Amino acid sequence: MADDANRSALLEIQGRMIETTGKIKQVQNQMRTKEAEKKRAYLTMEELKQVPDDTNVYKSIGRTFVLESKATLMNEQENKFKDSETSITSLQSSKEYLEKQMSEVENNFRELLQQDPALARQIMSMNV
């Protein structure tokens, strides 16, 4: 009976570990994407600063280029930059929360293995 309970607890912990690992990877990918957006916006702003105010500048919309004022493009890039920074901050806090969850799951796993040495030996004997 206790052996079945420990096995079901192990399967539950394993599922939570896989789920949490997937979420962490997803958040890391989102952070990389936002970092790239932030960098692109920063570099675009730096290039636009060097362009004289009376120069024609164009915004890319799909395959089309639309004439825009330099100020409008600068505002758009600044907004993208700020939005990316905000998103990165939010994603960082989500990542920290998920890492805490992962450490709790790992601790639960260790405790389960300490409580049931037979289960620990069985897991160690499996070929991975």
Side-chain angles (χ1 to χ4, degrees):
M1 180 80 175
D3 193 37
D4 289 339
N6 285 342
R7 286 182 192 271
S8 63
L10 176 68
L11 291 175
E12 180 186 335
I13 289 172
Q14 182 181 20
R16 286 181 26 212
M17 190 174 279
I18 291 169
E19 179 183 345
T20 306
T21 302
K23 287 180 182 178
I24 289 173
K25 287 180 181 180
Q26 182 181 13
V27 168
Q28 288 172 335
N29 287 335
Q30 290 173 344
M31 286 178 68
R32 266 188 240 111
T33 302
K34 289 298 180 181
E35 285 288 346
E37 286 179 17
K38 178 181 167 184
K39 185 174 182 178
R40 192 176 309 113
Y42 173 78
L43 291 173
T44 303
M45 284 190 302
E46 289 301 310
E47 289 298 319
L48 283 173
K49 286 178 185 176
Q50 297 173 10
V51 175
D53 289 336
D54 60 344
T55 303
N56 289 338
V57 290
Y58 295 88
K59 175 182 177 181
S60 172
I61 301 176
R63 294 184 183 187
T64 307
F65 291 93
V66 179
L67 180 64
E68 290 281 349
S69 67
K70 179 182 169 184
T72 302
L73 286 178
M74 285 292 288
N75 281 338
E76 286 179 8
Q77 296 305 316
E78 287 174 6
N79 289 338
K80 283 182 185 178
F81 186 81
K82 290 175 185 174
D83 290 344
S84 294
E85 282 185 329
T86 304
S87 296
I88 289 169
T89 304
S90 172
L91 288 168
Q92 183 64 34
S93 64
S94 295
K95 181 182 170 191
E96 290 170 2
Y97 172 74
L98 289 170
E99 287 172 344
K100 286 178 186 176
Q101 273 189 329
M102 183 61 121
S103 66
E104 288 176 13
V105 170
E106 289 171 350
N107 288 336
N108 291 343
F109 183 70
R110 280 190 207 97
E111 288 174 10
L112 180 64
L113 292 180
Q114 288 173 353
Q115 290 174 1
D116 191 352
L119 184 62
R121 282 190 298 275
Q122 187 179 6
I123 291 173
M124 294 303 247
S125 68
M126 290 181 180
N127 290 332
V128 179

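Numbers here simply count residues along the sequence, with the first being 1. These numbers were taken from a predicted model, which means no experiment stands behind them.
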Undergrad: Between atom OG1 of Thr55 and atom CD of Gln50, what is the distance when rounded to the nearest 0.5 Å?
TA: 11.5 Å

Undergrad: Begin with the C-alpha distance, continue with both residues' side-chain angles, and end with the deciding distance and a verdict on side chain to side chain contact (heavy atoms under 4.5 Å, CB included) for Asn75 and Glu78.
TA: CA-CA 5 Å; Asn75 281 338; Glu78 287 174 6; 3.9 Å; yes

Undergrad: Between Glu76 and Lys59, does at least one N-O distance fall below 4.0 Å, as a salt bridge requires?
TA: yes

Undergrad: Measure the CZ-CG distance between Arg32 and Asn29 for me, rounded to the nearest 0.5 Å.
TA: 4.5 Å

Undergrad: Any donor-acceptor pair under 3.5 Å linking the side chain of Ser94 with the backbone of Ser90?
TA: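 It does hold such a pair.
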
Undergrad: Supply the atom-to-atom distance Thr86 OG1 to Asn79 CG, rounded to the nearest 0.5 angstrom.
TA: 10.5 Å

Undergrad: My understanding is that only residues two or more places apart in sequence, or in another chain, count here; which of them pass side-chain contact (heavy atoms from CB on, under 4.5 Å) with Glu96?
TA: Gln92

Undergrad: Roughly how far, to the nearest 0.5 Å, is the CZ atom of Phe81 from the OG1 atom of Thr44?
TA: 11.5 Å

Undergrad: Which residues pass the side chain to side chain donor-acceptor pair (under 3.5 Å) test with Asp53, not counting sequence neighbours?
TA: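 Once residues adjacent in sequence are excluded, the partners of Asp53 under the side chain to side chain donor-acceptor pair (under 3.5 Å) criterion are Lys70.
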
Undergrad: Side-chain polar contacts of residues 13-27 - donor-acceptor pairs under 3.5 angstrom, sequence neighbours left out - could you list them?
TA:
unit_1, atom_1, unit_2, atom_2, d
Glu19, OE2, Lys23, NZ, 3.2
Thr20, OG1, Arg16, O, 2.7
Thr21, OG1, Met17, O, 2.7

Undergrad: Quick check: do Thr33 and Gln30 have side-chain heavy atoms less than 4.5 Å from each other?
TA: no

Undergrad: Honestly curious: do Tyr42 and Met31 fall in one hydrophobic cluster under the side-chain, below-4.5 Å linking rule?
TA: no

Undergrad: For Glu46 and Lys49: C-alpha separation, side-chain torsions, deciding distance, then whether side chain to side chain contact (heavy atoms under 4.5 Å, CB included) applies.
TA: CA-CA 5 Å; Glu46 289 301 310; Lys49 286 178 185 176; 3.3 Å; yes

Undergrad: Does Asn107 have any side chain to side chain donor-acceptor pair (under 3.5 Å) partners at least two apart in sequence or in another chain, and if so, which?
TA: Arg110

Undergrad: Quick one, Lys80 and Glu37 - any side-chain contact, counting heavy atoms below 4.5 Å?
TA: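 A side-chain contact under 4.5 Å is absent here.
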
Undergrad: Taking the hydrophobic residues Ile, Leu, Val, Met, Phe, Trp and Tyr, and joining any pair whose side-chain heavy atoms are under 4.5 Å apart, which ones share a cluster with Leu67?
TA: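 ILVMFWY cluster around Leu67 also holds Tyr58, Phe65.
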
Undergrad: Should side-chain heavy atoms under 4.5 Å link Ile, Leu, Val, Met, Phe, Trp and Tyr, which residues sit in the same cluster as Ile88?
TA: none

Undergrad: Does some side-chain heavy atom of Val66 sit less than 4.5 Å from a side-chain heavy atom of Glu68?
TA: yes

Undergrad: Roughly how far apart are Glu47 CD and Leu73 CG, rounded to 0.5 Å?
TA: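 So the gap between those two atoms works out to 13.5 Å.
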
Undergrad: Would you give the length of the straight line joining atom CD of Glu99 to atom CD of Glu106, rounded to the nearest 0.5 angstrom?
TA: 10.5 Å

Undergrad: Gln77 and Arg40: side chain to side chain contact (heavy atoms under 4.5 Å, CB included), yes or no, with the steps?
TA: CA-CA 9 Å; Gln77 296 305 316; Arg40 192 176 309 113; 5.9 Å; no

